Amino acid sequence: MPRLSRAERRRLRKFEKAVERMKPLDREIFLGIRVDELSYRQLADTHGMTLQQVEQHFANALFVLMQMPTEKPPDWWQFWRW
């Protein structure tokens, strides 16, 4: 495995922190879909829930990821500085 740059390690750590902030079931569903590559049906059967509930937990997890701060402010931000 190639060595990660400092920026890549920092970005990976931000993702890890975001995953840690997820509610336990949201995290389990997210990791099941993205890491373990399980289907929604497999997760629904494993956790005794409906497909809609699996979708909702996955959406909750994605919402947490969307709240992660960006790497740097957008370029247009410089125009607003005095």
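Bear in mind that the values here come from a model prediction, so they are computed numbers and not experimental data.
Partners of Thr46 according to the side-chain hydrogen bond (donor to acceptor under 3.5 Å, both in side chains) rule, which considers only residues two or more places apart in sequence or in another chain, do not exist here. Residues meeting the side-chain hydrogen bond (donor to acceptor under 3.5 Å, both in side chains) test with Gln42, sequence neighbours left out: Ser39. Scored by the side-chain hydrogen bond (donor to acceptor under 3.5 Å, both in side chains) test, Glu16 finds Arg13 as partners (sequence neighbours excluded). Under the side chain to side chain contact (heavy atoms under 4.5 Å, CB included) criterion, Phe15 pairs with Arg11, Leu65, Met68, sequence neighbours left out. Scored by the side-chain hydrogen bond (donor to acceptor under 3.5 Å, both in side chains) test, Asp45 finds no partners at all (sequence neighbours excluded).
Applying the salt bridge (charged side-chain N to carboxylate O under 4.0 Å, His left out) rule to pairs touching residues 47-60 yields nothing, sequence neighbours excluded.
Other residues, nucleotides and ligands place no more than 12 heavy atoms under 6.0 Å from the CZ atom of Arg34. Applying the 6.0 Å contact sphere to CD of Gln67 captures more than 12 heavy atoms from other residues, nucleotides or ligands.
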Quick one: side chains of residues 24-33, donor-acceptor pairs under 3.5 Å with protein atoms, not counting sequence neighbours, listed by atom name and distance.
residue : atom : partner : partner atom : Å
Asp26   : OD1  : His57   : ND1          : 2.6
Arg27   : NE   : Val19   : O            : 3.0
Arg27   : NH2  : Glu20   : O            : 3.1
Arg27   : NH2  : Met22   : O            : 2.8
Glu28   : OE2  : His47   : NE2          : 3.4

